[in-house]
Structures are given as C-alpha cells and as structure tokens.
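First the structure, in the form of structure tokens, and then the observations on it.
Sequence lines set the chain letters: A, B, ... in the order given, protein chains first and strands last, and positions in each chain run from 1. Side-chain atoms are counted along with the backbone in the values below, which use heavy atoms only and exclude waters and symmetry mates.
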Number of protein chains: 2
Amino acid sequence: MCPTRIIVADTNDLVAIGISARFAEEADLHVVGHARTGKELLELITQVKADLALLEVSLPEMDGIDTMRHIHKHCEGIKVLAHSLLTEIEYVNSMLIEGADGYVVKNGPKGELAEAIRTVMDGGTYLSPTARESVAAGYQFTNKHMGGEYVGLTTREREIIRLVALQYGNAEIGEALGISEGTVKTHRKNLMHKLNVRGVAGLVKYAMDRRWI
Amino acid sequence: MCPTRIIVADTNDLVAIGISARFAEEADLHVVGHARTGKELLELITQVKADLALLEVSLPEMDGIDTMRHIHKHCEGIKVLAHSLLTEIEYVNSMLIEGADGYVVKNGPKGELAEAIRTVMDGGTYLSPTARESVAAGYQFTNKHMGGEYVGLTTREREIIRLVALQYGNAEIGEALGISEGTVKTHRKNLMHKLNVRGVAGLVKYAMDRRWI
DNA sequence: TTCACAATACCCATTTATGTTGATTTTTCA
DNA sequence: TGAAAAATCAACATAAATGGGTATTGTGAA
C-alpha cells in the first residue's frame with residue numbers, strides 16, 4: 001500500500017518541519033509539500049499529487065475558511081483536515097460547513113494527528129475533543145449561524161472589518177473606500193449581527209483570528 | 001567543546017519539535033527542554049541546566065516580555081534569544097529593554113536561527129533584518145517609549161485592557177473589578193497614551209499579541 | 001521622611017459608535 | 001430576464017467612548 005501523501009498549509013515553517021519530523025516515525029504518512037498561505041496551497045495542489053491537506057485556519061493572504069471553500073468547489077479527490085490552535089465555535093463550524101473532513105486542535109496528544117488523518121482517509125470524520133466541546137457548547141450562542149443559514153461575510157464587509165481593526169474611524173473608512181459614512185455604519189451593524197459580537201473588540205478579534213490584519 | 005544547551009519556550013509543541021529537528025543537523029546545538037508558557041520556562045530553568053533560552057514573545061499565562069524581565073532579574077548565566085512572528089517595534093523594543101540578547105523573527109532564512117544563537121553565545125547581539133528595520137522605522141512613532149523612559153503597564157491596567165478586549169463596556173469592567181466607571185475611564189485613557197493607540201482596536205490588538213486573551 | 005507611583009475618583013465637553021428603521025440602486029447568477 | 005443578494009444612503013435617538021483636567025489615598029523605595 002502506498003503511504004498517504006500530505007500537504008501542510010501553515011504560515012509557520014517550524015510547524016511544517018515539526019509535523020514532518022513526527023511523521024518520520026509513521027510509515028504510512030508522508031509530507032510531500034508545504035504551503036505558507038491559502039493561495040500557495042491552491043497552487044501546490046495543482047502541482048503536487050496529494051491525498052490530504054492539513055489546513056491551518058489562520059493563514060495570511062487567503063485564510064483557511066476561504067481556502068476550504070475553494071477546495072471544496074474546485075478540487076476533487078483531496079481530503080482536508082483543519083488543524084489549528086483556534087477552538088472557537090465560529091471557526092470549527094465554518095470549516096466543517098465549508099467541507100472540512102475534520103478539525104484537529106493543535107497541541108493535542110502525541111498520536112492524535114496521525115489518528116485523525118487515518119480516520120479521514122478511511123472516509124470518516126475526526127473532531128478533537130476540544131472542537132467537539134466547542135461545537136456542543138456553542139450551539140445556544142451561535143445558533144443563528146446554524147441550521148443551514150450560515151452567513152458569510154461579503155467582500156465589502158471584509159474590507160470594512162479590516163479597516164476597523166486597523167483603528168480607522170467610520171469617517172476615515174468611508175473616505176478610504178469612497179463611500180459615505182452612513183454606509184460604513186450600515187456595514188458595521190450587519191457585521192456585528194452576523195458575527196454576534198457587541199462592538200469593536202469582537203470585530204478586531206475576528207479579523208485577527210483570521211489573519212486579515 | 002560541549003554543545004550549547006537550549007530550552008525552547010513556545011506554546012506550540014510542533015514548533016519545538018521543528019526546532020529540534022533542525023538542530024539535529026547542528027552538532028553544537030542541543031535542545032534540552034521545552035516550556036509551553038513563561039511560567040513553565042521559569043520552572044524549567046531551575047531544573048535543567050541550560051545555556052540559552054529561545055523565548056517566544058506571545059505566550060499564555062506569562063508572556064515573553066514579563067518572562068524576560070523575570071529572567072533578567074533572577075537568573076544569572078543564561079542567555080535569552082527572543083523568537084517570534086511579531087515584528088512590531090513595541091515588542092522588539094520591549095524584549096531588548098528587558099534584557100534579551102537578540103530578536104529573531106520566525107520564518108527567516110534556514111540557517112538564521114543557528115547563526116543567531118552562535119552570535120549570542122559568543123557574547124554578541126543578534127537582530128533579524130526585519131526586527132532591525134522595525135526598530136529603525138519605529139523610532140519616530142514610539143519615541144515616547146524610548147530614551148530610557150519605557151512605560152510598562154501596571155497590574156490594574158492589564159486587567160482592564162484584558163476586559164476591554166473581551167468586549168466588556170466601562171460600566172461592566174467597573175462592576176467586575178469593584179471600582180467606579182470613572183476609574184475605568186481613567187485607566188483606559190492612560191492605556192491609550194502609553195500604547196500610543198487611538199481606541200479599542202489598538203488595545204485589543206495589543207492584548208491579543210501578548211496573548212492576554 | 002520625602003518622593004514617585006499606582007490606584008482611586010470625578011468634572012466637563014466633544015466625538016464616536018450603536019440601534020432602529022426604511023429605502024434605493026447595482027450586481028450577481030440561475 | 002427576473003429574483004436574490006450586495007452595496008448604497010440617511011434620519012433619528014441613545015449609548016458609549018475619548019480627551020482634558022484635577023485630586024486623594026496608600027504603598028514602597030531612596
């Protein structure tokens with residue numbers, strides 16, 4: 001039997017090296033590529049034949065959620081396992097909704113990652129205990145996102161949340177984007193509803209988690 | 001000659017494994033321990049004889065800056081090299097002011113980390129190009145922190161910035177800490193001055209960078 | 001014992017953000 | 001082409017944050 005060919009998508013080089021080092025002991029797992037951003041991963045998939053991608057949620061340029069969506073639409077025959085330090089329901093759900101085959105939280109028990117990969121390659125789904133807890137605990141809080149009516153952010157909303165996180169005021173954002181301040185307010189309002197947060201703090205945290213700033 | 005004994009302080013297990021894997025090729029560098037938080041590092045230093053600590057700035061429980069300060073005061077004879085993805089002047093400066101022997105930005109060229117360690121062990125100081133740029137470029141912006149009058153945050157200020165980042169309002173913070181809303185406002189005002197930021201966004205970013213939330 | 005600083009608290013004025021509601025135009029895509 | 005989604009704008013009211021200043025208390029170091 002041939003080993004499972006894995007691409008690691010993680011900004012941190014050392015993480016990729018660490019994973020390779022771990023899998024050196026596992027005969028059936030072989031790391032064949034490393035991407036530092038979502039975009040790099042999409043390219044790499046077309047160049048290197050791989051069975052599975054280990055995808056960090058928090059990536060610059062194109063984050064894990066967007067990358068997952070793209071892979072699900074355009075790339076047949078590759079499994080994707082989310083792999084992140086983030087445990088918030090928001091991200092676990094998003095990755096699963098976008099088609100991830102599992103969610104492994106970083107820094108888990110030593111053999112967990114390998115086990116998760118094998119489960120997924122067998123056609124199963126793997127969720128780390130923490131991720132499972134997060135999904136369970138999060139239902140009452142983020143139920144507005146669940147039940148199929150997940151709301152993604154639009155392009156404009158992303159531009160705005162990014163500028164908010166960069167300490168721009170509404171007037172400045174409007175100026176920067178060439179729209180009225182009133183429109184900016186509307187977008188912010190929608191953002192806060194969609195993300196279920198109360199103010200700037202929640203927006204900034206979201207933008208930072210997804211590495212939009 | 002005996003090899004340099006190194007302790008890695010980083011939340012991410014895989015990073016530590018990655019570093020060990022890299023240094024497997026370097027005969028003079030040997031990783032002898034791994035700490036996941038600042039507190040763990042301080043303990044480990046008393047238990048394991050080490051020549052140098054590789055210290056991530058962004059650590060939970062006790063972050064790199066506070067850990068650095070503590071080591072500088074209480075631990076003789078151990079070199080410390082800061083090692084982080086963060087390149088902001090705020091952190092580079094803070095680490096150097098607190099006594100770090102160098103600052104290496106993660107994801108640099110392959111041999112950089114080893115070179116930096118050797119420089120430091122020779123009694124020198126090593127700064128990554130990015131860190132050096134950041135220091136140079138940051139002077140006009142954060143000069144109020146420079147020239148010896150670096151201002152650290154007080155305990156109370158840290159509690160408050162943390163709650164701000166957790167989306168608490170001033171009234172709620174006051175209630176949570178048992179102080180008046182007015183006092184909270186004063187602390188926030190002082191925080192923004194010290195950190196040279198304009199609003200909630202800047203405070204949240206700072207708290208997240210230092211892993212206080 | 002001074003001196004510095006942390007922590008507390010309040011005043012005022014101004015700006016900015018949030019909440020509510022409703023609307024129009026443009027874009028996208030089935 | 002027609003429906004749905006996205007992007008645009010604004011009036012109103014309320015809540016909250018920002019900026020400036022001042023002042024008291026306690027604590028610990030020089």
Below the 4.0 Å mark, does [N] have OP1 or OP2 next to a side-chain nitrogen or oxygen of [X]?
X       : N       : answer
H187(A) : dA7(D)  : no
R156(A) : dT8(D)  : yes
T154(A) : dA7(D)  : yes
R198(A) : dT18(C) : no
S180(A) : dA10(D) : yes

What is the distance, rounded to the nearest whole Å, between atom [atom1] of [X] and atom [atom2] of [N]?
X       : N       : atom1 : atom2 : result
H193(B) : dA17(D) : NE2   : P     : 17 Å
L153(B) : dA7(C)  : CG    : C1'   : 14 Å
R188(B) : dG19(D) : CZ    : C1'   : 13 Å

Exercise for review: Dump the intermediate steps for side chain to side chain contact (heavy atoms under 4.5 Å, CB included) on E157(A) and I160(A), then the final yes or no.
Suggested key: CA-CA 5 Å; E157(A) 285 169 343; I160(A) 285 171; 5.7 Å; no

Practice item. Decide yes or no for V204(B) and L203(A): does some side-chain heavy atom of the first lie under 4.5 Å from some side-chain heavy atom of the second? Key: no

Check your understanding: Less than 4.5 Å apart, any side-chain heavy atom of L42(B) and any of I71(B)?
Key -> yes

Review point. In terms of side-chain geometry, is the basic nitrogen of E115(A) or R118(A) positioned less than 4.0 Å from the acidic oxygen of its partner?
Key: no

Point to revise | Residues R210(A), D63(A): salt bridge by 4.0 Å N-O rule | key: yes

Check your understanding: Can R5(A) and V31(A) be said to form a side chain to side chain contact (heavy atoms under 4.5 Å, CB included), step by step?
Key -> CA-CA 6 Å; R5(A) 298 168 59 82; V31(A) 176; over 6 Å; no

Protein and nucleotides 21-25 of chain D: nitrogen or oxygen contacts under 3.5 angstrom:
unit_1  : atom_1 : unit_2  : atom_2 : d
dG21(D) : O6     : K189(B) : NZ     : 3.0

**Study point:** Test side chain to side chain donor-acceptor pair (under 3.5 Å) applied to E56(A) and R36(A), K106(A), H83(A), the passing residue
**Key:** K106(A)

Revision key, fill the gap. Computed from five pairs at either end and rounded to 10 degrees, the angle between the axes of the helix from dT1(C)-dA30(D) to dA30(C)-dT1(D) is 70°

Exercise for review: Verify side chain to side chain donor-acceptor pair (under 3.5 Å) between E112(A) and Y126(A), making sure each step is shown before the conclusion.
Suggested key: CA-CA 10 Å; E112(A) 187 188 23; Y126(A) 185 92; 3.0 Å; yes

Check your understanding: Residues from residues 169-179 of chain B sitting under 4.0 Å of DNA chain D, heavy atoms only?
Key -> G169(B), N170(B)

**Study point:** Considering all heavy atoms, the nearest I45(B)-C75(B) contact
**Key:** CG2-SG, 4.2 Å

Check your understanding: Base, sugar-phosphate, or nothing for T183(A), non-hydrogen atoms under 4.0 angstrom?
Key -> base

